[in-house]
J.: 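After the structure tokens below, expect a handful of questions from me.
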Protein chains: 4
Amino acid sequence: MVPRGRPRDAGVEGRVLDAAMAEMRARGYDAISVDRVAERAGVAKTTIYRRWPSKAELVMAMIARLRGGVPFDPSDDPRHDLTELVTGIAATLEALPTTLVADLTAAAAREPRVGESVRALWAERHAAVTAVIAQAQTDGLLPGHADPRVVVDQLVGPLYYRLLITGEPIDPAYVRALVHSTLGPEQS
Amino acid sequence: MVPRGRPRDAGVEGRVLDAAMAEMRARGYDAISVDRVAERAGVAKTTIYRRWPSKAELVMAMIARLRGGVPFDPSDDPRHDLTELVTGIAATLEALPTTLVADLTAAAAREPRVGESVRALWAERHAAVTAVIAQAQTDGLLPGHADPRVVVDQLVGPLYYRLLITGEPIDPAYVRALVHSTLGPEQS
Amino acid sequence: MVPRGRPRDAGVEGRVLDAAMAEMRARGYDAISVDRVAERAGVAKTTIYRRWPSKAELVMAMIARLRGGVPFDPSDDPRHDLTELVTGIAATLEALPTTLVADLTAAAAREPRVGESVRALWAERHAAVTAVIAQAQTDGLLPGHADPRVVVDQLVGPLYYRLLITGEPIDPAYVRALVHSTLGPEQS
Amino acid sequence: MVPRGRPRDAGVEGRVLDAAMAEMRARGYDAISVDRVAERAGVAKTTIYRRWPSKAELVMAMIARLRGGVPFDPSDDPRHDLTELVTGIAATLEALPTTLVADLTAAAAREPRVGESVRALWAERHAAVTAVIAQAQTDGLLPGHADPRVVVDQLVGPLYYRLLITGEPIDPAYVRALVHSTLGPEQS
DNA sequence: TGGTAAGCGAGACGGTACGTCGGGTCTTCCA
DNA sequence: TGGAAGACCCGACGTACCGTCTCGCTTACCA
């Protein structure tokens, strides 16, 4: 299929999504206005609607860009690896406005397609945690009775729980306590 | 303070909140429109705003009605009590539309006052879990090294995590596995 | 029927129509923008749409206000009366931007309801001309063979014809020539 | 000047103007959209704009095709010639949708260039009428006091007046009455 | 019993955003 | 160079909400 007509301006997508992100940071998630995004991006509103059929899709695309780019290099010390991974997740969550995470979650629950996109956001790191846990269990560092999938939930779930439900802070001490509670006291 | 003037119509509150709930079930959380709620409740918009200063507060009140009415009677078997409590929380979460829980969470993150209200929703049960955990630790049923607050998060957090983040199901087996993983294998 | 609810702000209609007229004079008939009219009138766009369901209706209302208010006092000299009447019509036409008259005509042809409204604009004066012509014929001042309705058309039609079709000027001399050509040379 | 490059597709002009006319008949003058015309004509919008610099010019060209092709052969009977000419003008006006004539008039008032074009539409016939009137006056068939230009306006103007302003019908009897009123009763 | 204070229904109003449509320009490839 | 295809800018339209306001009517208590 030969592309016909004037090709899409490659810069538009980036400028628009940047603008959307900036709007979101400046005024909050649900105050994102397509008109303002267009103006900030130096783009006509129609151009935005040509690419994303609704504001929801635009926001979804904006979210999708947050993904990726966090390298993780497993060592042979599961305790260290888990601490690092969980700290990383916590740091990401803390770096984003809580409102954004919550609104993302809500959007994910509403729209299956957004759901996929949002879950993909967290997927990479959760997978890494799962891998480390599995390895730890193989190495006999975990009580044999524990279901590894449950252990992962118990390690990662509390982060979201605190952020979204109880509003309690997530600090390094808490992360250590989580790992501690999961793997048992450190034997030095 | 003697109330002056015409007393408030006692039926209004119920009718409005019923209508709001119906709207929510019929068209989704974010399609709740104050005008439509008013119409459905057979009430003037003014009347709604007299009682609840904003749509958020109205929704909050609607939510608040979901609360309460779950008696809990601690036995002397913490394992049993925890299973029952966590099962109860899970049942509540599963009974509500996921979207509602997610949107509540989002609203809580946006508006501090809504936050309080939503947290109050869960507070009673979380408190019960905390109490049982504390007792269990006193009884020596928990590893001494565990911070009880962390243990609570690890018991309850995964429920919200599955519901809101991963979308994985929460079934009785999962609840048992959680308790199991927390208290260690049952010694029969 | 008892009026319910907050009564309409009596000043709004006038302010909006004034604003519409100002817009029209300033930027031309088809450059009237509802948003700008709203802003100029100090009124919300929704308020305009509450009263007039579309821009066309708004413009129609604006037009309707141009009507009326030109007293005519028949003397017993038909030649004088006709000259005065035709001069008046010509003055009105010249006072309005030609574009407006033309656009009005076009709108009238498109929309029957607008048509009625626009025809009503001219009706009063045309009726006066008809009356004077009829009187003149009764008085024997017109050739007996002429159909009075045709005479009216021949007296008034050329004004619109020049304005809209040929674009030739309508000056007092032309008006005199018209009357002259209709009634024959003045017998002094 | 040797033409370079690919020659213009001769069929395009006709297809586009046909399409424009069809659009006009189907949906009304002001619903003519360049995009739709292009689509209907199976032509790119660019191609249209290459030939006609604006929608107005396109419509103008569409109109221009309506012109011409009405041979007129003056006899030596002015009454007969005038009747025939005026009947011809009336027939043309009646054959077109009133909306079209009115919109043309409006477009002519807005855009000087369109004005020229539209006036050219009528010019040929109006000139013929002028010529016959002049001849009639030379022959002494008209009252000496009449300005021939005014007489022309009084003969032709009423047609447009009825069509555009009063909406009254133009039938053969009316045309005869016009000529009658202008030349005086027929002396048989 | 008549005044005063508040509740209530109804709906106007200001404001912000949405998604769509149309005109006219520009950019690419192909003939 | 002409043409098809379609991206792009700009400006306007009409709609949907929210939260405030202004009426008239009703229901209480209080003097």
Side-chain angles (χ1 to χ4, degrees), chain A residues 2-10 12 30-39 42-56, chain B residues 2-10 12 30-36 38-39 41-56 58, chain C residues 2-10 12 30-39 42-56, chain D residues 3-10 12 30-36 38-39 42-56 58:
Chain A
V2 183
R4 305 281 292 259
R6 174 176 173 176
R8 294 202 167 175
D9 181 331
V12 162
D30 61 347
I32 296 176
S33 135
V34 178
D35 284 270
R36 269 198 303 275
V37 169
E39 190 184 8
V43 143
K45 200 164 51 148
T46 37
T47 298
I48 293 185
Y49 277 99
R50 186 172 305 109
R51 283 181 162 73
W52 301 280
S54 75
K55 180 178 155 179
Chain B
V2 182
R4 303 279 300 263
R6 173 175 173 176
R8 295 196 168 175
D9 181 333
V12 163
D30 63 345
I32 296 177
S33 131
V34 177
D35 286 83
R36 267 199 304 274
E39 191 185 6
V43 142
K45 205 163 48 146
T46 334
T47 301
I48 293 184
Y49 277 99
R50 186 172 302 111
R51 285 177 163 76
W52 302 280
S54 75
K55 180 178 156 179
L58 166 62
Chain C
V2 183
R4 306 279 291 260
R6 173 174 175 177
R8 294 202 167 174
D9 182 332
V12 163
D30 62 346
I32 295 177
S33 134
V34 178
D35 284 87
R36 267 199 305 273
V37 169
E39 190 185 7
V43 143
K45 197 164 53 151
T46 39
T47 298
I48 293 185
Y49 278 100
R50 186 172 305 108
R51 283 179 162 74
W52 302 280
S54 74
K55 181 178 156 179
Chain D
R4 302 280 299 265
R6 173 173 172 179
R8 291 199 170 178
D9 181 333
V12 163
D30 63 345
I32 297 177
S33 129
V34 178
D35 287 86
R36 268 199 303 273
E39 192 185 6
V43 143
K45 208 163 48 145
T46 333
T47 302
I48 293 184
Y49 277 100
R50 197 189 320 280
R51 283 180 163 74
W52 302 280
S54 76
K55 179 179 156 179
L58 166 64

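Each chain gets a letter, A, B and so on, in the order the sequences are listed, and its residues count up from 1.
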J.: OP1 or OP2 of dG3(F) sitting under 4.0 Å from any side-chain N/O of Arg50(D)?
T.: yes

J.: Identify the two heavy atoms, one from Ala31(B) and one from Arg36(B), that lie closest to each other, and give their separation to 0.1 Å.
T.: O-NH2, 2.5 Å

J.: How would you label the contact of Ile48(B) with the nucleic acid (heavy atoms, under 4.0 Å): base, sugar-phosphate, or nothing?
T.: nothing

J.: Does the side chain of Thr47(C) get closer than 4.0 angstrom to OP1 or OP2 of dG14(E) through an N or O atom?
T.: yes

J.: If you find the nucleotide of DNA chain F closest to Ala56(C) and the one closest to Ala31(B), which residue's nucleotide is nearer the 5' end?
T.: Ala56(C)

J.: Send over the distance from Asp35(A) CG to dC18(E) C1', rounded to a whole Å.
T.: 8 Å

J.: Who are the side-chain contact (heavy atoms from CB on, under 4.5 Å) partners of Ala44(B), not counting sequence neighbours?
T.: Thr46(B), Thr47(B)

J.: Within the sub-3.5 Å range, which N or O atoms of nucleotides 21-25 of chain F have a protein N or O partner, and how far apart are they?
T.:
residue	atom	partner	partner atom	Å
dC21(F)	O2	Arg6(C)	NH1	2.9

J.: Tell me which of Ala44(C) and Arg36(D) sits closer to the 5' end of DNA chain E, going by the nucleotide each one is nearest to.
T.: Ala44(C)

J.: If you check every side-chain atom of Lys55(C), which of dG9(E), dG14(F), dC18(F) has the closest atom?
T.: dG14(F)

J.: Which residues satisfy the side-chain contact (heavy atoms from CB on, under 4.5 Å) test with Asp9(B), sequence neighbours excluded?
T.: Val12(B)

J.: Could you tell me the separation between the CG atom of Asp30(C) and the C1' atom of dA12(F), rounded to a whole number of Å?
T.: 12 Å

J.: Val34(A) or Ala10(C): which one's nearest nucleotide on DNA chain E is closer to the 5' end?
T.: Ala10(C)

J.: Can you tell me the distance, in whole Å, between the OH atom of Tyr49(D) and the P atom of dG23(E)?
T.: 6 Å

J.: CD1 of Ile32(D) versus P of dG22(E): gap in Å, rounded?
T.: 12 Å

J.: Closest heavy-atom contact between Lys55(C) and Ile32(C)?
T.: NZ-O, 2.7 Å

J.: Take atom CH2 of Trp52(C) and atom P of dT15(F), then tell me their distance rounded to the nearest Å.
T.: 16 Å

J.: Applying a 4.0 Å non-hydrogen cut-off, can you work out what Leu58(D) is touching in the nucleic acid: base, sugar-phosphate, or nothing?
T.: nothing

J.: Quick one: is Ser33(C) getting a side-chain N or O under 4.0 Å of the dC13(F) phosphate, OP1 or OP2?
T.: yes

J.: How many angstroms lie between atom CZ of Arg50(B) and atom CD1 of Ile48(B), to the nearest 0.5 angstrom?
T.: 11.0 Å

J.: For dG2(F), does either OP1 or OP2 sit under 4.0 Å from a side-chain N or O belonging to Arg51(D)?
T.: no

